Amino acid sequence: MPQKTDNKSVNFVRTEAAPLLPPPASEAGITGWLYQNIFNSMSDFSSPVATIKSVLMGLLTIFLLYVGLGQFWALLDFSLFSAVWSAPEGVKREACLTVDKGGELPSGWHGACWPFVAAKMKFLMYGAYDNDQLWRPNVTALIGLIGLAWVMIEPLPYRRYVGAFLLTIYPLIALILLTGGNFDTDYNSVTVITILGLLLITIGRQAAAGRMGQTAGEFAGMFGTFGWIFIAYAAVNATLGVDFNLRQIGTNDWGGLLITLVVAVTGIVASLPLGIVLALGRRSHMPVARILSTVFIEFWRGVPLITVLFMASVMLPLFLPEGVNFDNLLRALIGVMLFSAAYMAEVIRGGLQAMDKGQFEGADALGLSYWQKMRLIILPQALTHVIPGIVNTFIGLFKDTTLVSIVSIFDMLGAVQSTYADPSWGTPVQDETGYLFIVIIYFVFCFGMSRYSMFMEYKLSTSRKN
Amino acid sequence: MAKAEAQNIDRSKMKVSDEVVVSMSGVNKWYGTFHVLRDINLTVNKGERIVICGPSGSGKSTLIRCLNRLEEHQVGDINVHGIELNSDVKNIEEIRREVGMVFQHFNLFPHLTILENCTLAPIWVRQMPKKDAEEIAMKYLETVKIPEQAHKYPGQLSGGQQQRVAIARALCMQPQLMLFDEPTSALDPEMIKEVLDTMVALAEDGMTMVCVTHEMGFARKVANRVIFMDEGQIIEEKEPEEFFNNPENDRTKLFLSQILNH
């Protein structure tokens with residue numbers, strides 16, 4: 001037996017397991033939480049210095065609580081407790097005026113004037129959209145909401161098909177419902193395009209079967225794809241030309257939340273696929289794809305959105321030939337789409353960059369093609385990595401939609417500001433009430449996106465556990 | 001001891017035929033100005049088990065990665081399964097279908113379950129119906145002895161289990177040739193054995209294998225040829241007994257004395 005000089009054995013054999021004990025009070029339960037999060041920094045009185053530090057921390061905590069709670073209380077008081085909730089029939093600004101200004105409220109009153117928002121609600125939501133046609137945006141929103149909820153709620157069946165519907169047929173339905181459809185489609189060109197499309201698909205089929213030689217065989221897939229794109233284009237055009245007996249409502253009459261949602265949703269939905277294509281292009285080994293993507297991204301990131309919108313609505317018509325006239329909203333939409341796609345592309349490229357090289361090699365070694373590798377292996381992982389960045393871009397885009405008001409498109413912010421011009425509701429709290437209302441709406445949307453993204457992150461990380 | 005083990009394995013199916021699976025002639029490759037592969041000539045027949053060893057940086061991984069075009073060679077001809085390996089994407093994809101590869105770091109797909117990892121390529125590359133692919137996957141997961149993990153994610157498995165899944169995943173494509181790129185180098189000592197056992201079983205089944213490995217016990221046991229590489233060249237190529245007992249080149253002797261004497 002090896003022994004040290006002091007006769008103590010260095011050998012040790014455990015014969016009983018060490019006992020498992022409950023954690024001390026500072027580690028668990030409500031007391032633990034309070035201790036760790038609040039009192040930990042102010043409960044050390046072991047030395048004069050520590051005591052001073054604890055006391056200062058205590059004072060700071062009390063001060064912050066005072067300021068924070070005070071602000072919170074003031075907000076609650078303004079928006080709820082002191083607010084005017086209803087006005088008698090026919091009474092407008094007088095409902096929200098103090099005695100000094102000719103109203104009935106006590107002097108020094110300060111609160112929200114909700115009847116003002118209620119009176120302007122239609123305008124804030126739809127702009128100057130025809131009053132008797134409001135069911136059209138409502139139905140559009142309802143279909144969109146139901147579809148979106150369906151896609152987001154896990155246990156529901158056919159989510160994939162609902163998603164496909166939302167991305168393909170729904171935009172068409174929305175466009176027809178909101179504008180009224182009945183565009184002047186040239187049915188001759190639709191016919192020509194359909195025939196061209198069918199021709200391309202036939203060529204593609206023949207080429208794929210190897211009946212048109214080696215070179216054509218390699219492009220078979222491309223022929224087929226273009227054929228289907230032609231057909232889809234023709235189908236959309238033909239549908240838009242149909243007279244559904246809806247009154248036509250120009251986009252000049254749209255406004256408020258309707259515009260905000262149209263711009264934001266179009267930008268969000270279009271930016272993701274466009275961004276993916278651009279990100280892949282920028283990492284491509286093909287010089288043409290790489291250069292085009294890089295130039296595109298750097299151009300759109302290099303100019304402010306206000307400039308883009310301004311160019312689109314004011315300058316572009318000057319360059320276009322006489323008679324060619326794009327819709328003002330459409331031009332703004334395209335600008336927002338391309339702009340957000342460039343940002344999205346860089347976020348997604350970050351995710352691609354973070355991918356382990358082994359994942360590419362693993363997919364390659366199994367014989368997957370480039371697109372299979374990207375779709376099945378790389379993108380699902382890369383996009384998961386950058387969910388926070390993607391949602392960041394979405395939220396930024398949602399809030400940037402307010403910029404369209406500089407090209408005289410009245411989104412929610414523009415709408416609320418234009419209601420201030422109505423003298424019959426002119427009160428000192430008019431501005432505050434109006435802004436508070438749209439703050440709440442913006443917050444609900446942005447906070448919702450934020451929470452959903454956190455839910456997604458949690459879900460994806462627990463299902464993988466690595 | 002090594003000899004006793006060598007007799008322990010079933011050699012009844014381990015037959016080398018005349019059919020050539022891989023032929024490399026005059027292959028050279030550079031990384032920039034660095035000459036990584038120098039005049040490589042190698043023929044692998046069906047049923048051979050080849051072990052490639054050598055010091056790090058000797059080009060052994062690069063060599064086998066050239067066989068399925070994870071690396072591109074600049075000069076020389078590589079022919080896998082009668083298909084010329086050139087920049088033609090079709091040829092490359094065809095070769096990759098027939099060549100399975102196992103990596104040092106497993107490279108499993110962490111967002112897919114074990115079963116999905118195994119069925120992915122058969123479904124998408126071989127266009128196999130999902131049911132058949134799952135049947136085959138379960139068969140191979142049983143071969144590597146982890147069918148019960150089929151519905152877990154790679155992150156929930158130990159390193160040895162992950163590497164066995166990686167072997168099963170490659171086998172699901174029913175390849176003609178298996179490449180192993182240091183399959184045990186990233187594993188704890190306790191897990192090396194389970195992976196090596198799987199590889200031995202695979203060899204006993206008659207699979208053609210090219211393995212880059214430092215497991216000399218494995219080389220003795222199953223290899224029919226050992227190749228020693230240094231500075232991008234093949235230095236010595238022998239049957240295992242000959243290789244370990246009578247190395248001729250000084251570099252080989254040095255290498256063997258360093259890895260065997262401790």
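As the structure is a computational prediction, the values presented were derived from the model and not from experiment. Naming convention: chains lettered A, B, ... in sequence-line order (proteins, then strands); numbering from 1 in each chain.
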Worksheet entry | Region of Arg169(B) that comes under 4.5 Å of a non-hydrogen atom in chain A | both
Discussion item. I need the Leu366(A) CG to Arg97(B) CZ distance, nearest 0.5 Å.
Written reply: 12.0 Å
Worksheet entry | CH2 (Trp228(A)) with more than 12 external heavy atoms under 6.0 Å | no
Discussion item. If I compare all heavy atoms of Glu361(A) with all of Phe103(B), which pair ends up nearest, and what's the gap?
Written reply: O-CZ, 3.7 Å
Fill in: Side-chain touch Asn68(B)/Asp364(A), heavy atoms, less than 4.5 angstrom
no
Worksheet item: Just by modelled atom types, is the Leu108(B) backbone N or O under 3.5 Å from a matching donor or acceptor in the Gln359(A) side chain?
Response: yes
Practice prompt. Please lay out, stage by stage, how Val125(B) and Gln372(A) fare under the test side chain to side chain contact (heavy atoms under 4.5 Å, CB included).
Written response: CA-CA 9 Å; Val125(B) 180; Gln372(A) 287 174 337; 4.2 Å; yes
Worksheet item: Closest heavy-atom contact between Arg96(B) and Gly367(A)?
Response: CB-CA, 3.7 Å
Worksheet item: Does atom CE of Met454(A) have more than 12 heavy-atom neighbours, drawn from other residues, nucleotides or ligands, at distances under 6.0 Å?
Response: no
Worksheet, complete the sentence: NE2 of His111(B) to CG of Leu379(A), rounded to nearest 0.5 Å, is 9.5 Å
Discussion item. Please check if the number of heavy atoms outside Lys145(B) that lie under 6.0 Å from its NZ is greater than 12.
Written reply: no
Discussion item. Does Glu190(B), at its CD atom, have more than 12 non-hydrogen atoms belonging to other residues, nucleotides or ligands within less than 6.0 Å?
Written reply: no
Worksheet, complete the sentence: Cut-off 4.5 Å, heavy atoms of chain A, and the answer for Phe109(B) is both
Item to complete: Could you tell me whether Arg159(A) atom CZ has more than 12 heavy atoms of other residues or ligands within 6.0 Å of it?
Response: yes
Worksheet entry | Rounded distance [0.5 Å steps], NZ in Lys357(A) versus CG in Leu70(B) | 9.0 Å
Discussion item. Looking at Tyr170(A), I want to see if its OH is surrounded by more than 12 non-hydrogen atoms of other residues, nucleotides or ligands under 6.0 Å.
Written reply: yes
Discussion item. Within a 6.0 Å radius of atom OH on Tyr452(A), are there more than 12 heavy atoms belonging to other residues, nucleotides or ligands?
Written reply: yes
Worksheet item: With only heavy atoms counted, which part of Val89(B) is less than 4.5 Å from chain A, the side chain, the backbone, both or neither?
Response: neither
